[in-house]
K.L.:
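Sharing a structure, written as structure tokens. Questions coming.
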2 protein chains.
Amino acid sequence: MTNKNVSNDEPILSDCQAVADVLARVGDKWTVMVVGALSGGAMRYNAIQRRIGGISQRMLTLTLKGLEQDGLVTRTMYTVIPPRVDYELTDLGRSLLGPITILFDWAKIHQGAMHMARAKFREAVAIVP
Amino acid sequence: MTNKNVSNDEPILSDCQAVADVLARVGDKWTVMVVGALSGGAMRYNAIQRRIGGISQRMLTLTLKGLEQDGLVTRTMYTVIPPRVDYELTDLGRSLLGPITILFDWAKIHQGAMHMARAKFREAVAIVP
DNA sequence: CAGGATCCAAGCCGATACTG
DNA sequence: CAGTATCGGCTTGGATCCTG
């Protein structure tokens, strides 16, 4: 990501495309929460939904399907009544936990600074509109 | 997201709202690219745009304004003709480079696996439509 | 219990044209 | 050079109802 060794005129799109792809997959509203919910082990559909407050059935289904499609989550269906479906992180999915945790630590440390900056910014533009 | 203490609970989930906030700020289409473009030092508006292929003036302006608002980037205007405006990462912005780089490394390593998983998934659903 | 289907509002984002 | 203004398509995501 850092490009100290690259001239400032060259486009860096190709360098960042990988990150952009990952963020397009992981950066939506619910994916990280679902991955976090599954970090402790396999879980059933409704258990995930209860664990994550406020996610709709539609979005949980879409998010899980996307994660399954990219090989981050496995879906195991038991043909019993009532039906039971377990979701679990794959090795690939668990490998994402590291980077996410790093980001999580950054967020915990700096979210206060970001909110203060935002407040100060709004105050500044309020003085000089 | 209110979490009752479940046996399965991990520290990740209890505060993953913070990660969601960070991703809401950083997970959009252009933010990471702009931060990456600025990782080498201060840059002018048009230089950033040239560096990042395909970003529109509108989105570059909006992205920079958002980053400035959250204290990740400073905007310095020189009242000369022709006008000159420099953008530069703040300490807070530079501190984000670490987590982003980690994510970048993960992306580089695993994007192949993700694309293969996706291809295999499409193939699987093509067999059983 | 685990979704599928449908509708709809809010936003993101690109393209284009214009300005100091 | 460094933006602002406006329009319009496309996507995102929530709410609601329905099914095996």
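Sequence lines set the chain letters: A, B, ... in the order given, protein chains first and strands last, and positions in each chain run from 1.
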K.L.:
Reckon B/R58 touches a base, only the sugar-phosphate, or nothing at all at heavy-atom distances under 4.0 Å?
P.N.:
base

K.L.:
Would you kindly give the CZ-to-P distance between B/R25 and C/dC12, to the nearest whole Å?
P.N.:
11 Å

K.L.:
Could you tell me whether the side chain of B/F104 reaches within less than 4.5 Å of the side chain of A/V22, counting heavy atoms only?
P.N.:
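The answer is no; the side chains never approach within 4.5 Å.
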
K.L.:
Report yes if a side-chain nitrogen or oxygen of B/Y87 is closer than 4.0 Å to either non-bridging phosphate oxygen (OP1 or OP2) of D/dG3; otherwise report no.
P.N.:
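So the side-chain polar atoms of B/Y87 do come within 4.0 Å of the phosphate oxygens OP1 or OP2 of D/dG3, strictly under.
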
K.L.:
Picking from A/I52, A/L60, A/L38, what satisfies side chain to side chain contact (heavy atoms under 4.5 Å, CB included) with A/M33?
P.N.:
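That would be A/I52.
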
K.L.:
So does B/K65 get a side-chain nitrogen or oxygen closer than 4.0 Å to the phosphate oxygens (OP1/OP2) of D/dT4?
P.N.:
yes

K.L.:
Less than 4.5 Å apart, side chain to side chain, heavy atoms only: is that true for A/L64 and A/Y45?
P.N.:
yes

K.L.:
Is there a path of hydrophobic side-chain contacts, each under 4.5 Å between heavy atoms of I/L/V/M/F/W/Y residues, joining B/I102 to B/V26?
P.N.:
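B/V26 does not cluster with B/I102.
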
K.L.:
Taking for each residue the nucleotide of DNA chain C bearing the nearest heavy atom, is the 5' side occupied by B/I55 or by A/T61?
P.N.:
A/T61

K.L.:
I need the CG-P distance between B/L62 and C/dC12, as an integer number of Å.
P.N.:
9 Å

K.L.:
Select base, sugar-phosphate, or nothing to describe what B/Y78 touches, counting heavy atoms under 4.0 Å on all strands.
P.N.:
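If one applies the 4.0 Å heavy-atom cut-off, B/Y78 turns out to touch nothing in the nucleic acid.
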
K.L.:
Taking the side chain as C-beta and beyond, is there a heavy-atom pair between A/T76 and A/E88 under 4.5 Å?
P.N.:
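The answer is no; the side chains never approach within 4.5 Å.
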
K.L.:
Quick check: on DNA chain D, is the nucleotide nearest B/L64 upstream (toward 5') of the one nearest A/P83, or the reverse? Name the residue that is more 5'.
P.N.:
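The 5'-side residue here is B/L64.
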
K.L.:
Under 4.0 Å between a side-chain N or O of B/K29 and OP1 or OP2 of C/dG14?
P.N.:
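Answer yes for this pair, as a side-chain N or O of B/K29 is under 4.0 Å from OP1 or OP2.
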
K.L.:
Distance check needed: C/dA2 P versus A/M77 CE, whole Å only.
P.N.:
11 Å

K.L.:
Atom CE of A/M33 and atom C1' of D/dG13: how far apart are they, to the nearest Å?
P.N.:
14 Å

K.L.:
From the set D/dT4, C/dG3, D/dC1, return the single nucleotide nearest to any side-chain atom of B/N46.
P.N.:
D/dC1

K.L.:
Rounded to whole angstrom units, what separation is found between the CD1 atom of B/I52 and the C1' atom of C/dG14?
P.N.:
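Rounded to whole Å, this separation is 16 Å.
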
K.L.:
Hey, is the side chain of B/R44 poking within less than 4.0 Å of OP1 or OP2 on D/dA2, counting only N and O atoms?
P.N.:
yes

K.L.:
Starting at atom CD of B/Q57, determine the distance to atom P of C/dA17, rounded to an integer number of angstrom.
P.N.:
13 Å

K.L.:
Which nucleotide sits closest to the side chain of B/M59: C/dG14, D/dC1, C/dA2?
P.N.:
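The answer is C/dG14.
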
